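Only heavy atoms go into these numbers, but all of them, side chains included; no hydrogens, no water, no symmetry mates. Just so it is clear, the model here is predicted, and its values are computed rather than measured. Labels below follow one simple rule: chain letters A, B, ... track the order of the sequence lines, proteins then strands, and each chain is numbered from 1.
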Number of protein chains: 2
Amino acid sequence: MTTGKRTRIPREQAQEIILNAAEELFDQEGIHAVSVDAVVERAGINKMSVYRQFSSKTDLILAYISRKQEAFWTEWNLSLSKHPDQPREQLIQFFRDLAAKASCTDYRGCCFLNVAVEFPDTAHPVRELVTTHQRRIHDALLEMAEALGAAHPSELAYTLRLLMEGTYAESQTYGTDSGAIQMLPAIVEKLIDTSIAIR
Amino acid sequence: MTTGKRTRIPREQAQEIILNAAEELFDQEGIHAVSVDAVVERAGINKMSVYRQFSSKTDLILAYISRKQEAFWTEWNLSLSKHPDQPREQLIQFFRDLAAKASCTDYRGCCFLNVAVEFPDTAHPVRELVTTHQRRIHDALLEMAEALGAAHPSELAYTLRLLMEGTYAESQTYGTDSGAIQMLPAIVEKLIDTSIAIR
DNA sequence: TACATTTGTTACTAACTAGTAACAAACCTT
DNA sequence: AAGGTTTGTTACTAGTTAGTAACAAATGTA
């Protein structure tokens with residue numbers, strides 16, 4: 001800026017800095033609302049450094065979503081690792097952790113839902129990432145429902161999906177202390193037990 | 001346009017035309033993605049005619065949301081009117097109609113969710129409309145849960161809320177034929193009956 | 001017919017957008 | 001030290017955005 005000396009930042013490091021800045025801004029303010037210049041300023045990095053790494057804003061958004069995808073499965077595995085080989089406890093734990101996250105005041109919802117809303121055109125490249133991610137979530141929930149010994153695994157998986165997406169949506173529309181979100185773990189626990197009992 | 005003759009449109013009529021055009025575009029493409037000029041073009045009306053009725057784009061958005069609010073309760077009442085004085089049937093009917101709507105290929109989700117996502121700043125005027133609308137929905141669901149004779153009306157209301165919001169979210173992320181949405185009426189029916197049986 | 005009001009039209013401002021060209025400075029390898 | 005590569009800086013393009021000023025044409029009213 002004002003200094004005569006230039007500070008050079010190598011590629012890999014710059015990419016991290018840019019993606020961190022983009023993530024913060026996209027999460028907080030939305031994607032369309034954040035300009036590339038805003039990301040540049042937040043990252044404290046030069047504009048050309050962005051366009052030398054990401055060919056376009058869309059490219060940057062794709063990288064942002066890919067990162068979020070990885071982060072989701074990291075958290076998923078973290079929840080599951082708390083109760084090895086206990087699918088019922090694992091699933092409840094995941095929803096407990098989800099509720100805790102969605103109750104944070106700075107929580108800005110599920111990035112995949114947000115992206116889907118901000119990019120209504122399903123042919124847009126960013127939507128492909130959303131679609132594959134959702135499919136994987138469904139597969140994971142179905143797998144858990146089967147491992148649980150649910151009477152109707154598919155129905156349980158669908159219901160869990162609705163509750164999960166509902167939590168993401170509520171965190172936006174009702175706010176982070178929606179009441180329903182606090183009750184989520186209990187609701188899921190009861191649902192699972194009912195689903196097993198009917199067997 | 002090309003005609004020499006000018007066609008004059010009175011205020012009230014113009015307002016309707018503008019709001020119809022805005023609704024179509026906002027629903028289909030999102031709010032930030034639609035410019036005032038795009039609304040003007042779609043409405044086939046002059047730009048000044050828009051700004052003489054709505055002081056700003058925000059003002060137009062507020063009018064759009066207000067209309068959606070009215071439309072929601074019209075549909076709510078329509079569902080309920082199919083089974084007078086039968087709260088269980090009324091509630092199931094509402095979710096049946098919701099699922100049918102959310103299964104349409106051109107369905108673009110719940111406008112209130114979309115607005116919440118597109119306007120993360122809860123202090124923004126449009127968010128007030130969303131907040132009051134969500135509160136009313138909760139009150140209505142709670143009232144129904146009590147009329148049903150649920151063992152724990154509040155818990156049932158919260159769960160129904162999550163399923164409802166989940167449906168809206170799924171219609172975006174999973175698409176209109178998500179599987180879960182088709183199963184929604186059955187899920188709600190079972191949930192209600194379980195909720196009464198425990199009594 | 002005369003006048004006030006409403007509406008349509010054109011042209012504009014000022015700010016912001018994504019993306020790029022050209023060059024200067026730093027670094028790395030030899 | 002020499003030359004190539006990577007990075008920083010500045011300045012720019014061309015398009016879009018919300019919103020407005022000024023005037024022309026149509027309408028209503030007296």
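Counting only heavy atoms from C-beta outward, the side chains of I31(B) and N114(B) never approach each other to under 4.5 Å. Under the 4.5 Å side-chain criterion, counting only non-hydrogen atoms from C-beta, F112(B) is not in contact with I137(B). Within the 4.5 Å cutoff, no side-chain heavy atoms of V36(A) are placed close to those of L60(A).
Aromatic ring orientation, W76(A) versus W73(A): perpendicular (interplanar angle above 60°, classes split at 30° and 60°).
Criterion: ILVMFWY side-chain heavy atoms under 4.5 Å apart, direct or through other members. Under it, L142(B) and I192(B) are not part of a common hydrophobic cluster.
Looking only at atom types and distance, the side chain of Y64(B) has a donor-acceptor partner in the side chain of D27(B) under 3.5 Å away. A side-chain donor from one of E165(B) and Q134(B) sits under 3.5 Å from a side-chain acceptor of the other.
The existence of a salt bridge linking D121(B) and R127(B) is excluded, since no basic side-chain nitrogen approaches an acidic carboxylate oxygen closer than 4.0 Å. Using a 4.0 Å cut-off between charged side-chain N and carboxylate O, E89(A) and K82(A) make no salt bridge.
Computed from coordinates, the H32(A) NE2 to dT17(C) C1' distance equals 13 Å when rounded to whole Å. One atom, CD of Q13(B), and another, P of dT6(C), lie 17 Å apart when rounded to the nearest Å. Note: CD (E41(B)) to P (dT17(D)) measures 11 Å, nearest angstrom. Taking atom CD1 of I31(A) as the reference point, atom C1' of dT17(C) lies 16 Å away to the nearest angstrom. Note: CG (D37(A)) to P (dA11(D)) measures 15 Å, nearest angstrom.
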request  = Verify side chain to side chain contact (heavy atoms under 4.5 Å, CB included) between V126(B) and E118(B), making sure each step is shown before the conclusion.
outcome  = CA-CA 10 Å; V126(B) 301; E118(B) 287 210 72; over 6 Å; no
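For residues 47-54 of chain A, proximity to DNA chain D is found at M48(A), S49(A), R52(A), defined as any non-hydrogen atom under 4.0 angstrom from a strand atom. Heavy-atom distances under 4.0 Å link DNA chain D to S56(B), K57(B) of residues 55-66 of chain B, given in residue order.
Checking R42(A), E24(A), E29(A) one by one against V34(A), the side-chain contact (heavy atoms from CB on, under 4.5 Å) holds for a single residue, E29(A).
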Report each atom pair, protein N/O against N/O of nucleotides 13-16 of chain D, whose distance is under 3.5 angstrom.
none

